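Okay, so here's the structure we're looking at.
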Amino acid sequence: WTALGASWNLLGGYTGQVSFGHSAFFGMGAYVSLILHTKLGVSLWMGLLYAGIAASIIAIPIGAICFRLRGPYFSLSILAFSEVLRLIVLHWKAVTEGAVGILLITTVVESKVSFYYLLLIVTAIILFFVDFIVKRKWGFYFIAIRDDEEAAEALGIHTTRYKLYSLIVSAFFTGVLGSLFANYTSYIDPYIVFHIGDVAIAMVLIVVLGGIRTYWGPLVGA
């Protein structure tokens, strides 16, 4: 949850684009890694990377459309895309097995203790990269967009482009975490990984409770 909160905080906190649809990227990462492994024999370790890439790719058209809107309209539109993806996965049975879900026989690591340390490392990496980005030029642009988008545009910042950059990075981390979740539970279905309340809204609550736009907020909230 700390890692998910930090991933969401980059877009929702520092860039000011409150997303209620991050379950789209979480679910995409989970399904891509398991489908590649069970149907094509791709390594689960490589699946973690492909999950993040797939989530980033799907974020591009979603962001290109949704960033035409602002405020609650953006939040609701990205939520709608999440639900559309869930329905696609539910009905595309030839690839996703539909409501039956996908069962994983082997996982990237075999014990819960190993998973703990793996997630600890991944969380530390995500926290580091979010902090690194926020303290560089991209981060200053993100914060400027959050504080006053019109003023940022007047200063020459291509606001739509940088909002999209923020979404792509946030989606990549979320997709990797979706893949790790799938490995940990060894089973996924559309209801579990695309669940709006248990995944998307929970990310928002964690950051809000812990402290939005703060480095330690996701950890405190989790």
Side-chain angles (χ1 to χ4, degrees), residues 3-37 40 42-69 74-75 77-86 88-89 92 95-96 108 119 121-134 136-139 141-142 145 158-183 188 190 193-194 199-200 203-204 207 218:
L4 283 172
S7 303
W8 184 91
N9 199 27
L10 182 65
L11 178 71
Y14 291 108
T15 317
Q17 308 302 304
V18 177
S19 166
F20 292 148
H22 258 51
S23 52
F25 313 122
F26 186 81
M28 176 63 69
Y31 265 94
V32 164
S33 62
L34 263 60
I35 288 171
L36 288 176
H37 178 70
L40 300 177
V42 175
S43 163
L44 288 170
W45 287 104
M46 289 302 298
L48 296 175
L49 176 62
Y50 292 143
I53 293 172
S56 296
I57 290 173
I58 199 68
I60 295 172
I62 290 176
I65 296 169
C66 294
F67 284 136
R68 295 175 182 271
L69 306 170
F74 165 77
S75 303
S77 64
I78 199 168
L79 174 63
F81 270 104
S82 176
E83 183 63 10
V84 167
L85 279 176
R86 186 189 70 82
I88 291 172
V89 170
W92 198 6
V95 176
T96 65
V108 286
L119 277 169
I121 292 168
V122 170
T123 301
I125 291 171
I126 291 175
L127 286 170
F128 169 79
F129 270 104
V130 169
D131 188 57
F132 179 84
I133 291 170
V134 168
R136 300 302 187 277
K137 183 177 76 171
W138 277 23
Y141 285 178
F142 295 163
I145 291 168
H158 196 304
T159 57
T160 302
R161 180 187 302 166
Y162 281 95
K163 286 190 289 186
L164 191 57
Y165 290 163
S166 179
L167 176 62
I168 290 170
V169 175
S170 180
F172 178 86
F173 291 147
T174 306
V176 171
L177 292 165
S179 177
L180 283 168
F181 173 83
N183 275 272
I188 59 170
V193 294
F194 287 97
V199 180
M203 285 190 216
V204 181
V207 179

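Keep in mind it's a predicted model, so treat the numbers as computed, not measured.
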Heavy atoms only: give me the nearest [X]-[Y] pair and the separation to one decimal.
| X | Y | value |
| --- | --- | --- |
| Leu164 | Gly63 | CD1-CA, 3.8 Å |
| Ile133 | Val169 | CD1-CG1, 3.9 Å |
| Ile78 | Ser75 | CG2-O, 3.3 Å |
| Ala30 | Ser33 | O-OG, 3.1 Å |
| Thr15 | Leu11 | CB-O, 3.3 Å |
| Ala6 | Ile126 | CB-CG2, 4.0 Å |

Output the distance between atom [atom1] ([X]) and atom [atom2] ([Y]), rounded to the nearest 0.5 Å.
| X | Y | atom1 | atom2 | result |
| --- | --- | --- | --- | --- |
| His158 | Ile145 | NE2 | CD1 | 10.5 Å |
| Leu180 | Phe26 | CG | CZ | 9.0 Å |
| Met28 | Ser179 | CE | OG | 13.0 Å |
| Ser166 | Trp138 | OG | CH2 | 9.0 Å |
| Phe25 | Leu4 | CZ | CG | 13.0 Å |
| Phe142 | Arg136 | CZ | CZ | 13.0 Å |

Any side-chain heavy atom of [X] within less than 4.5 Å of one from [Y]?
| X | Y | value |
| --- | --- | --- |
| Ser23 | Val193 | no |
| Trp8 | Val18 | yes |
| Leu167 | His22 | yes |
| Ile125 | Phe173 | no |
| Met203 | Asn9 | no |

> Is there a donor-acceptor contact under 3.5 Å from the side chain of Ser56 to the main chain of Ile168?
Replying inline: yes
> Distance-only, no hydrogens or angles: does the Thr174 side chain make a donor-acceptor pair with backbone N or O of Ser170 under 3.5 Å?
Replying inline: yes
Result block: side-chain N/O donor-acceptor pairs under 3.5 angstrom for residues 42-54, not counting sequence neighbours:
unit_1	atom_1	unit_2	atom_2	d
Ser43	OG	Trp45	N	3.1

>> Please determine whether the number of non-hydrogen atoms from other residues, nucleotides or ligands lying under 6.0 Å from atom CZ of Phe67 exceeds 12.
In response: yes
> Residues two or more places apart in sequence or in another chain: which of them pass side chain to side chain contact (heavy atoms under 4.5 Å, CB included) with Ile35?
Replying inline: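 For Ile35 the side chain to side chain contact (heavy atoms under 4.5 Å, CB included) partners, ignoring immediate neighbours, are Tyr31, Lys39, Val95, Thr96, Ile102.
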>> The criterion is side chain to side chain contact (heavy atoms under 4.5 Å, CB included); which residues satisfy it with Phe81, sequence neighbours excluded?
In response: Ile62, Ile65, Cys66
> Phe194 and Val84: side chain to side chain contact (heavy atoms under 4.5 Å, CB included), yes or no, with the steps?
Replying inline: CA-CA 10 Å; Phe194 287 97; Val84 167; over 6 Å; no
> What do you reckon, are the aromatic ring centroids of Tyr141 and Tyr162 less than 6.0 Å apart?
Replying inline: yes
